[in-house]
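Accompanying notes for the structure given below.
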Number of protein chains: 2
Amino acid sequence: MRKFKAEIFQALAHPTRIFIVQSLAQGEMTAGKISEVVGITQSNASQHLAILRNKHVVETRKDGNSIYYRLRDPLFGEMLDKMRQYVVAQAMVAMNHVAEDQDANASVDNVE
Amino acid sequence: MRKFKAEIFQALAHPTRIFIVQSLAQGEMTAGKISEVVGITQSNASQHLAILRNKHVVETRKDGNSIYYRLRDPLFGEMLDKMRQYVVAQAMVAMNHVAEDQDANASVDNVE
DNA sequence: TTAGAATATTCGCAAATGCTATAGTGGTGG
DNA sequence: CCACCACTATAGCATTTGCGAATATTCTAA
């Protein structure tokens, strides 16, 4: 059970796959379009898509000789959005730390 | 930026670390207590905790010669909870698929 | 049926990950 | 000071991952 969750996080644990999932959050796309938008080789895109498929993050639809990909659950888009909020918040903290390095009397408490 | 998000997902992409984060969602714990609860060697626990530390998922507090770990942001607990909902939902779907294998006339639509 | 377009798969290799075992570090009590 | 305790860090090894290049598969059009 935890292993299953871990596999999903593993599927999201790569910048390229995050890019793909974010793109798919806007709507479905063909494999070729994805590799073009993300800016990677066709082979590499196909491999990342296979991982997202195997971990049940995306689903496919076939039309002619194109394959359309879409998110299996909007939850994944939401999770990336939550993560974005968190990253932004942490970036602020990190900037405060930089400020400390430049000025030891910076406005952050509980630092010794 | 995407790399930073990917690193956080990477931190969560292991069953043991999910166990640790779930445990810490209930409150802080010492490193020793964690390795005991999770049922892994002290060394292994320390390595996983180092990863969670480096990826900014947990924070530490020192008391005597014990080190207490806690989640840096309740968001991580929430994410695991969301993931739990999703996994449960998918488990239902999977069970339906099993039913199909046993009975081709099962009660799932859009299957050809 | 043959050519071409869109995806998928396999291969070889460099890099990252996970684990055990083995040090190393820093508090604490005697 | 010294021995212990809780914890962290490193080494070595097997396994996994990520990549481009080459190759296979599948669909469509002519």
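Reminder, nothing fancy here: chain letters follow the sequence lines and each chain counts from 1. Values below: every heavy atom of this structure, side chains too, minus hydrogens, waters and symmetry copies.
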Does a nitrogen or oxygen in the side chain of A/His14 sit under 4.0 Å from OP1 or OP2 of D/dC19?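 Yes, within the criterion.
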Could you pull out the closest heavy-atom pair between B/Ala11 and B/Leu52, with the gap in Å?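 In this case the closest contact between B/Ala11 and B/Leu52 is O-CD2, 3.8 Å.
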Any carboxylate oxygen within less than 4.0 angstrom of a Lys/Arg side-chain nitrogen, looking at A/Arg70 and A/Glu59?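 Yes.
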Reading DNA chain C from 5' onward, which residue's closest nucleotide shows up sooner: B/Arg17 or A/Ala45?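 The residue whose closest nucleotide sits nearer the 5' end is A/Ala45.
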Whichever of A/Ser43 and A/Gln10 has its nearest DNA chain C nucleotide further upstream toward 5':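 Counting from the 5' end, the first nearest nucleotide belongs to A/Ser43.
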Chi angles and distances behind the side chain to side chain contact (heavy atoms under 4.5 Å, CB included) call for B/Tyr86, A/Lys5: CA-CA 9 Å; B/Tyr86 174 73; A/Lys5 292 183 200 171; over 6 Å; no
Provide, to the nearest angstrom, the distance between the [atom1] atom belonging to [X] and the [atom2] atom belonging to [N].
{"X": "B/Leu52", "N": "D/dC7", "atom1": "CG", "atom2": "P", "result": "16 Å"}
{"X": "B/Lys62", "N": "D/dC5", "atom1": "NZ", "atom2": "C1'", "result": "13 Å"}
{"X": "A/Leu12", "N": "D/dG18", "atom1": "CG", "atom2": "C1'", "result": "17 Å"}
{"X": "A/Asn44", "N": "D/dG18", "atom1": "CG", "atom2": "P", "result": "9 Å"}
{"X": "B/Gln47", "N": "D/dA11", "atom1": "CD", "atom2": "C1'", "result": "11 Å"}
{"X": "B/Leu49", "N": "D/dA6", "atom1": "CG", "atom2": "P", "result": "16 Å"}
{"X": "A/His48", "N": "D/dT16", "atom1": "NE2", "atom2": "P", "result": "19 Å"}
{"X": "A/Ile20", "N": "D/dG18", "atom1": "CD1", "atom2": "C1'", "result": "13 Å"}

Is the side chain of A/Ser35 donor-acceptor paired with the backbone N or O of A/Gly32 at a distance under 3.5 Å, no angle test? yes
Where the side chain of B/Asn44 meets the backbone of B/Ile40, is there a donor-acceptor pair that is under 3.5 Å apart?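 No, because the side chain of B/Asn44 does not come within donor-acceptor range (under 3.5 Å) of the backbone of B/Ile40.
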Under 4.0 Å, counting only non-hydrogen atoms across every strand here, what does [X] touch: a base, just sugar-phosphate, or nothing?
{"X": "A/Tyr68", "answer": "nothing"}
{"X": "B/Thr16", "answer": "nothing"}
{"X": "A/Ile40", "answer": "nothing"}
{"X": "A/Ser46", "answer": "base"}
{"X": "B/Ile51", "answer": "sugar-phosphate"}

With hydrogens left out and only the distance checked, is there a donor-acceptor pair under 3.5 Å joining A/Gln42's side chain and the base of D/dG20? no
Heavy atoms, side chains only, cut-off 4.5 Å: are [X] and [Y] in contact?
{"X": "B/Met29", "Y": "B/Tyr69", "result": "no"}
{"X": "A/Phe4", "Y": "A/His56", "result": "yes"}
{"X": "A/Leu24", "Y": "A/Ile34", "result": "yes"}
{"X": "A/Ile18", "Y": "B/Phe9", "result": "yes"}

Nucleotide interval of DNA chain C bounded by contacts with chain B (heavy-atom cut-off, under 4.0 Å): C/dG18 to C/dT28
Under-3.5 Å N/O pairs linking protein and nucleotides 28-30 of chain D:
none

What pairs of residues pass the side chain to side chain donor-acceptor pair (under 3.5 Å) test when at least one of them lies in residues 14-34 of chain B, not counting sequence neighbours?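 Qualifying pairs, neighbours excluded: B/Arg17-B/His48, B/Glu28-B/Arg61.
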